[in-house]
Amino acid sequence: MGDLMQRMNDHSRVNNFLTQQTTNSLDANNERMIVDRHLSNWRCKSIYVAMICSAIHGFNSDTSNTI
C-alpha cells in the first residue's frame, strides 16, 4: 500500500513540474513575441523617420544652391 501511495505522490509531483515548466516556457515565448513585435514596429518607424528626414534635407540642399 505504501508503494502505491508513493507512486501516486511521484506522479503528482512530476505532473506539477511538467505543467509549471510548460506554462513558464509558453509565457516566455509569448512575451518574446510581443517584445519582438514592438521592437520591429519601432525600428520600422525610425527607418521611415530617417528616410523622410534625409529626403527633406536632400530637397532643401538642392533648392538652396539654385541662385
Side-chain angles (χ1 to χ4, degrees):
M1 185 71 173
D3 187 43
L4 179 62
M5 294 299 289
Q6 181 65 34
R7 287 180 188 217
M8 287 172 40
N9 188 23
D10 288 344
H11 174 72
S12 295
R13 288 180 21 204
V14 169
N15 190 14
N16 288 337
F17 175 76
L18 291 176
T19 303
Q20 288 174 351
Q21 292 295 331
T22 303
T23 303
N24 289 341
S25 65
L26 288 175
D27 286 343
N29 286 335
N30 286 338
E31 184 176 347
R32 174 71 189 257
M33 288 189 315
I34 291 169
V35 168
D36 286 346
R37 187 177 307 138
H38 285 293
L39 285 177
S40 66
N41 286 339
W42 181 78
R43 285 185 199 132
C44 289
K45 289 177 185 176
S46 63
I47 289 171
Y48 292 144
V49 168
M51 287 171 43
I52 290 170
C53 289
S54 64
I56 290 171
H57 178 29
F59 290 138
N60 286 339
S61 64
D62 288 343
T63 57
S64 63
N65 294 332
T66 58
I67 296 177

field: Of all pairs that satisfy side chain to side chain donor-acceptor pair (under 3.5 Å), the ones with a partner from residues 29-40, not counting sequence neighbours
entry: Arg32-Asp36
field: Other ILVMFWY residues reachable from Leu26 by side-chain steps of under 4.5 Å
entry: none
field: Val49: hydrophobic cluster co-members (side-chain, 4.5 Å)
entry: none
message: Taking salt bridge (Lys or Arg N to Asp or Glu O under 4.0 Å) as the definition, give me every residue that meets it alongside Arg7, ordered by chain and number, with sequence neighbours left out.
response: Asp3
Under the salt bridge (Lys or Arg N to Asp or Glu O under 4.0 Å) test, residues paired with Asp10 that sit two or more places apart: Arg13
- prompt: Got a sec, which hydrophobics cluster with Trp42, joining ILVMFWY side chains under 4.5 Å apart, including via others?
  reply: none
Pairing residues for Arg43 by the salt bridge (Lys or Arg N to Asp or Glu O under 4.0 Å) criterion, not counting sequence neighbours: none
- prompt: Who pairs with Thr23 by side-chain contact (heavy atoms from CB on, under 4.5 Å), at least two apart in sequence or on another chain?
  reply: Thr19, Asp27
message: I'd like to know if the side chain of Asn16 and the backbone of Ser12 have a donor-acceptor N/O pair within less than 3.5 Å.
response: yes
